Amino acid sequence: MTANAYAYFPGCSLHGTASDYGQSTEMMCERLGIELRELKDWNCCGSSPAHMVNPWLALGLVGRNFRLVTQTGLDTVVLPCAACYARFKETQHALRDQEMAAKIAYVAGGDVPADLKIEPLLGVLCRPENMARVAAGQQRSLAGLKIAPYYGCLLTRPAEVAQFDDPEDPHSLDTLMAALGAEVVTWPGKTSCCGASLPISRPELVWRMSGQLLAWAVEAGADAIVTACPMCHSNLDTRQGQIRRAGLGDYHLPIYYFTELVGYALGLDAAQLGIKRHLTEATGLLSRVSAVTPVD
């Protein structure tokens, strides 16, 4: 078994609206020697809609995926999407209660393991051995770029469920961007909500909340925002035109997935990483990125 191999749950977004995240995830991991074995016949985690309408269905959907992980022979499942990660960790938390575990097993079609190792892709990448691979393979430096790391609501909270990084002042993205040479800005929005899944039912609320995040990032001097959540990326990237038309700010701020910036630093180009598919132009800023100076 490959030492750096993981069961992989991409989630619906990475096969659809966030295909650039999925593409850059796979290319970055291939470049770093991280093997992702996608679950066979995986199903949606339920994300926001299912658990609002039928919590048992939502838990059962994840429970079925847990059962699929056990078939891989691997002990850790990796998720790039913060929303999927939150649903997986919430289901694992629910399995601690025997009565709830029985109900989840009923919906999932069989016993659901409660002891899986569940990791966000960001956490896996920030392991020392993988950070060493990033350093060894880096071909471009992000020096000269000011980056605002954005974690959003779901990746680190609630702390007793997510069990990842500091819930109020996380640093994994900060550390990763700094290791690539970027200047990490201090700003108040790193764990604030972007409006999440409300752009259809409450678009004006999303414009205000995402607009506030963009305003804070600009005020902090950021050239771009980097995130690990497809929902956050969608609101911050695709809503900037709506925010401008609503008179809430004239923003043209590039929004990147961390996999895109890491992949670019590793020598992959913007087209390979899907960056050209962003609605807010994000390739021009990368022209400021320079090659790594060889060490004599």
Side-chain angles (χ1 to χ4, degrees), residues 4-39 42 77-85 119-127 130-131 133-142 145 147-152 154-155 172-177 179-182 223-238 253-289 292:
N4 213 20
Y6 302 92
Y8 175 52
F9 183 84
C12 303
S13 294
L14 272 72
H15 278 207
T17 55
S19 60
D20 43 350
Y21 194 13
Q23 184 174 327
S24 58
T25 289
E26 293 180 11
M27 298 200 73
M28 178 199 75
C29 287
E30 181 179 1
R31 184 63 63 98
L32 293 173
I34 299 172
E35 183 182 352
L36 300 177
R37 299 181 189 174
E38 187 169 333
L39 300 183
W42 60 265
V77 58
V78 170
L79 305 95
C81 174
C84 294
Y85 175 72
E119 298 284 351
L121 179 62
L122 177 61
V124 168
L125 188 61
C126 287
R127 290 179 179 175
N130 289 325
M131 289 291 285
R133 288 184 172 94
V134 172
Q138 187 172 1
Q139 297 182 30
R140 300 185 181 107
S141 171
L142 301 188
L145 299 187
I147 302 294
Y150 180 53
Y151 299 80
L154 298 173
L155 194 58
S172 49
L173 264 178
D174 303 53
T175 300
L176 179 59
M177 291 297 107
L180 296 175
D223 298 312
I225 293 174
V226 62
T227 187
C229 177
M231 195 178 301
C232 297
H233 188 281
S234 177
N235 283 339
L236 294 175
D237 175 52
T238 70
L253 197 67
I255 313 296
Y256 298 104
Y257 292 109
F258 75 93
T259 50
E260 293 173 332
L261 290 182
V262 174
Y264 196 73
L266 292 172
L268 298 166
D269 64 40
Q272 288 176 299
L273 295 164
I275 297 173
K276 291 187 176 182
R277 294 202 295 272
H278 294 194
L279 267 67
T280 299
E281 204 285 320
T283 58
L285 181 64
L286 299 179
S287 64
R288 291 163 49 182
V289 172
V292 172

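Just so we're clear, the structure is a prediction, and the values are computed from it rather than from any experiment.
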(Q) Just verifying a value: how many Å separate Met27 CE and Glu260 CD, rounded to the nearest 0.5 Å? (A) 12.0 Å
Q) Is Leu273 close to Asp20 at the side-chain level, that is, under 4.5 Å between some pair of heavy atoms? A) no
Q) Is it true that a side-chain atom of Thr283 and a backbone atom of Lys276 form a donor plus acceptor pair closer than 3.5 Å? A) no
Q) Quick one: OG on Ser172 to CE on Met177, what's the gap to the nearest 0.5 Å? A) 10.0 Å
Q | Leu180 side chain reached by Val262 side chain, heavy atoms, under 4.5 Å | A | yes
Q: Please list, chain by chain and in numerical order, all residues satisfying salt bridge (charged side-chain N to carboxylate O under 4.0 Å, His left out) with Glu119, sequence neighbours excluded.
A: Arg127
Q) Is there a side-chain contact between Cys29 and Leu121 (heavy atoms, below 4.5 Å)? A) yes
**Q.** Inter-residue atom distance Leu253.CG - Asp237.CG, 0.5 Å rounding
**A.** 10.0 Å
Q: Output the distance between atom CE (Met28) and atom CD (Glu30), rounded to the nearest 0.5 Å.
A: 11.5 Å
Q) Does the side chain of Val226 reach to within under 4.5 Å of the side chain of Leu176, using non-hydrogen atoms? A) no
Q: Could you tell me whether the side chain of Leu32 reaches within less than 4.5 Å of the side chain of Asn130, counting heavy atoms only?
A: no
Q: Could you tell me whether a side-chain N or O of Arg133 sits under 3.5 Å from a main-chain N or O of Arg31, the two making a donor and an acceptor?
A: no
Q: Determine the minimum heavy-atom distance between Gly152 and Cys232, stating which atoms define it.
A: CA-SG, 4.2 Å
Q: Determine yes or no for a side-chain-to-main-chain donor-acceptor pair under 3.5 angstrom, with His233 supplying the side chain and Ile255 the backbone.
A: yes
Q | Heavy-atom side-chain proximity of Pro80 to Thr259 below 4.5 angstrom | A | no
Q | Heavy-atom closest contact (Ala179 atom, Met131 atom, distance) | A | CB-CE, 3.7 Å
Q.
If we ignore hydrogens and angles and just use 3.5 Å, is the side chain of Gln138 paired with the main-chain N or O of Leu266 as donor and acceptor?
A. no
Q: State, to 0.1 Å, how close Leu286 and Leu261 come at their nearest heavy-atom pair, and which atoms those are.
A: CD2-CD2, 4.1 Å
Q: Give a yes or no on whether the backbone of Pro149 and the side-chain of Asp174 come within a donor-acceptor separation of less than 3.5 Å.
A: no
**Q.** Option from Leu285, Thr227, Ile225 for which side chain to side chain contact (heavy atoms under 4.5 Å, CB included) with Tyr256 holds
**A.** Leu285
**Q.** Criterion side chain to side chain contact (heavy atoms under 4.5 Å, CB included) against Tyr8, the qualifying member of Leu14, Leu39, Leu79, Val77
**A.** Leu14
Q. Residues two or more places apart in sequence or in another chain: which of them pass side chain to side chain donor-acceptor pair (under 3.5 Å) with Ser141?
A. none
(Q) Going by ring pair (Phe, Tyr, Trp, His ring centres under 6.0 Å), name the residues that satisfy it together with Tyr21, two or more places apart in sequence or in a different chain. (A) Tyr257
Q. Looking at Ala282 and Ile275, what are the two nearest heavy atoms and their distance?
A. CB-CG2, 3.8 Å
Q. Do Thr25 and Leu36 have side-chain heavy atoms sitting under 4.5 Å apart?
A. yes
Q. Counting only N and O atoms by type, is there a donor-acceptor contact under 3.5 Å from the side chain of Arg288 to the main-chain atoms of Leu145?
A. no
Q | Heavy atoms from other residues, nucleotides or ligands near CD of Glu38 exceed 12 (cutoff 6.0 Å) | A | yes
**Q.** Any His15 side-chain heavy atom under 4.5 Å of Pro10 side chain
**A.** yes
Q | Ala182 versus Ile147, closest heavy-atom pair with distance | A | CB-CG1, 3.7 Å
Q: State, to 0.1 Å, how close Pro120 and Tyr85 come at their nearest heavy-atom pair, and which atoms those are.
A: CD-CE1, 3.3 Å
Q) If you measure from OH on Tyr6 to CD on Glu35, what distance do you get to the nearest 0.5 Å? A) 11.0 Å
